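Since this is a predicted model, take the numbers as computed values, not measurements. Here is the naming used below: chain letters follow the sequence lines, and residue numbers restart at 1 for every chain.
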Amino acid sequence: MAAGVAAWLPFARAAAIGWMPVANLPMPVAPAEKNKRQDELIVLNVSGRRFQTWRNTLDRYPDTLLGSSEKEFFYNEETKEYFFDRDPDVFRSVLNFYRTGKLHYPRYECISSYDEELAFFGIVPEIIGDCCYEEYKDRKRENAERLMDDQEDNKDAKLPNMTFRETMWRAFENPHTSTMALVFYYVTGFFIAVSVITNVVETVPCGSAPNQKEVPCGERYTVAFFCMDTACVMIFTVEYLMRLFAAPSRYRFMRSVMSIIDVVAILPYYIGLVMTDNEDVSGAFVTLRVFRVFRIFKFSRHSQGLRILGYTLKSCASELGFLLFSLTMAIIIFATVMFYAEKGSSSSKFTSIPASFWYTIVTMTTLGYGDMVPKTIAGKIFGSICSLSGVLVIALPVPVIVSNFSRIYHQNQRADKRRAQKKARLARIRISKTGSSSAFLHSKRNGLFNEALELTGSTEDEKRLSKSTSLLESQHHHLLHCLEKTTVSAHTLELALCHNNILNHEFVDEQYYQQSYLEGGLQNYPSRSPSLSSQDGVTGTCCTRRTKKHHTPLPNASAPAHMQPLTHTHTHPQGLQELSTIHIQPLSTSRSSLNMRVDEPAPLNCQSSQITTAIISIPTPPVTTPEGDAHLPAGPTHQNVVKVSAL
Amino acid sequence: MDAKRVETVSARVDAAVSSTDSVEDELELSAVRHRPEGLEQLEAQTRFSRKELQILYRGFKNECPSGVVNEDTFKDIYSQFFPQGDASTYAHFLFNAFDTDHNGSVSFEDFVMGLSILLRGTVQEKLNWAFNLYDINKDGYITKEEMLDIMKAIYDMMGKCTYPVLKEETPRQHVEVFFQKMDKNKDGVVTIDEFIDCCQNDENIMRSMHLFENVL
């Protein structure tokens, strides 16, 4: 029942009195209206803009936020209104839904912000009215495609621990990932070109001896061409076998179009090898050579445009089919007509209807070779009609195909452009965030400074910290401190006690911080223990043996439990909405000055020193990664501080 | 109020005059905006309080911004309450019952008057209204054919998916039962007095008349 007619329910019930005299049985009892209150206005304050409506209006949809008791959570006692800290512009659409029963999607609104608002207010987007539904769906699809494109880019990120096979496959699919792949890519491209040129040149007549007829080059320099062909085929075979080996799903690879083209390109050669110089089969063999031209299709791996063309043709299959069908119809009609029109004329070339097909096709496509021309008047008339209609029939489906191609091509261009822009964007974001990301480390250093000076307990530090930094930051830092304290292992505890409690596994230096912070994203946390607390911190001072890693196993499985709220750009004081990801790069990329452990084996630190915290944005599922402690040696810098101050 | 009535009348006159172009006719007619009488007058004429009238009008205006309901809209609205069957025939009868001045459209006044009787009226008035509903040609007598039409309309609202399945003769049988009960002098028609008498003697009917009193 639509919301609008809910107001007419009293009328419908009243009209039911008309059935009463007719009814044979007693009527059921009417439902009692408990605490029937007068309809009242309620005020909805959305980010300062006040909306007012009747309570009944909102009650029409009891399974949404505003229609249920959920809105009581947002009730503000002092101002006696419901306060929502959301976008007031989108809220207009939401409220209009209650009023009119129809949900509209404003075109100027971003699709994801709209979706978020709908999700917040508990409204299912499927009830968007017909007037706006198509637009909504289109925008949503576009957005999804864009996200998918971005995700595809992420797959370029090299996953650690790829098997050799996977690396090879990746190299094949994305040549720009490594130099080897690039080299391979260009080499195969070169050989494809060579092979195709060879095939072409083979048939060109070379110079001949004066008393012999011209022979094609292929027959003159048989051996040379044979060697060239063999070389190319060998390269192609090797390539095919390597791809076959590297493919994640061999069966699927073998069924794919590119692999079929590969096979067809090299098969004739092998068949030729196998076959003897038998007269009968050599004719067939010569025909097989035609298939060598398929090698040129191998170029489609190298050319994006060619792939798009193929994809377009596939997607325009119906238009092409229609074109073909309508042409066939027209050809048959006109051929028949021409045949019968020219039947009377003597020495007519139109000997049969199929023979007239040729004339019709040539005329309709406006080629007009002139090898067959009508001689009778009727024939000429029909011939002209034929050529005029040919133009029309062909011109109709072609724009559809063209527009399809254009759309797909531009989409691809946009994807490429986006990828290129992404790097620039990330760089800019990095610059803008340099300030904020170092806040924590600054404060930590200050904290250590103070700690070392005072040699007091941690609580006072917190107070001290909170003076210089904002409350939120200090709370956050405190949280991280607690974490650090929590994960101190036994060994480090000793060290800590002995060295008066320099924090052991601190979060690292700024540079890592920034780098990793901006990389974002999900990283597989290798199951290495984080509690390599023994290393740094206490570095140069007394503990030189930091190589021992105490690998206490971290329960990586319980990933959700290890969400590290490391908010760095405190855009939300609530801190729930956004938690940033920090992935600290392996040490190998660090500045040399930081390396207390230049002498230490790099791999140890690299993998262990990963802190990943998650970027969580509701409603997408939280990206959680197991935590780890960072054990990169923030040591030196901290040490310096310590040294100067306390020692 | 009269001015408003005149407005609608003049609109119709204009429409009739310019009958050459039917499109214009439609436009002119649809531009009719009926405004109801003032709140005080309606309050006096009906048994609703001011607030109730406000609520009623808001609902009414929401669904029919032009201020009048024509039969199609009426059928549409009523059918939404009975999705399983075909409520259009009964809605037609209902429309005629509400449209007291028989001008083809139900204005807010008609609507509210009807509701006032149904929800706040005396039993006598309600029965009167029901009789008016059944008496399709408004001649003061309910004939068997009229009753059969009404009965079929009511059964249509039930739809086809009932259990047990309603048979063809069910309405007819129901009409027989009704007439047996109501038609005292067996003359084949039911007059208003027979109707009211009979209903007042029937407990079930009496009880059910009070069923919807607290609807609004």
_Between B:F74 and A:F11, ring centroids under 6.0 Å_ = yes

*Do other residues, nucleotides or ligands put more than 12 heavy atoms under 6.0 Å from B:M158 CE?*
no

*Contact class of B:V112 relative to chain A, heavy atoms under 4.5 angstrom*: neither

*For chain A, which of B:F111, B:F195, B:F98, B:Y134 has the most heavy-atom pairs under 4.5 Å?*
B:Y134

*Side chain A:R139, main chain A:E109, donor-acceptor under 3.5 Å*: yes

*Is the backbone N or O of B:T122 less than 3.5 Å from a side-chain atom of B:E125, with the two atoms forming a donor-acceptor pair by type?*
yes

*State whether the side chain of B:K138 and the backbone N or O of B:N132 hold a donor-acceptor pair below 3.5 Å, judged by distance alone.*
yes

*Please state whether the side chain, the backbone, both or neither of B:Y90 comes within less than 4.5 Å of a heavy atom of chain A.*
side chain

_Heavy-atom pairs under 4.5 Å with chain A - which of B:K181, B:H174, B:Q54 has more of them than the others?_
B:H174

*Side chain, backbone, both or neither: which part of B:F131 has a non-hydrogen atom closer than 4.5 Å to chain A?*
neither

_Counting only non-hydrogen atoms closer than 4.5 Å, does B:V175 touch chain A with its backbone (N, CA, C, O), its side chain (CB onward), both, or neither?_
neither

_Less than 4.5 Å to any heavy atom of chain A: does that hold for the side chain of B:M151, its backbone, both, or neither?_
side chain

*Hey, are A:Y98 and A:T64 close enough side-chain-wise for a donor-acceptor pair under 3.5 Å?*
yes

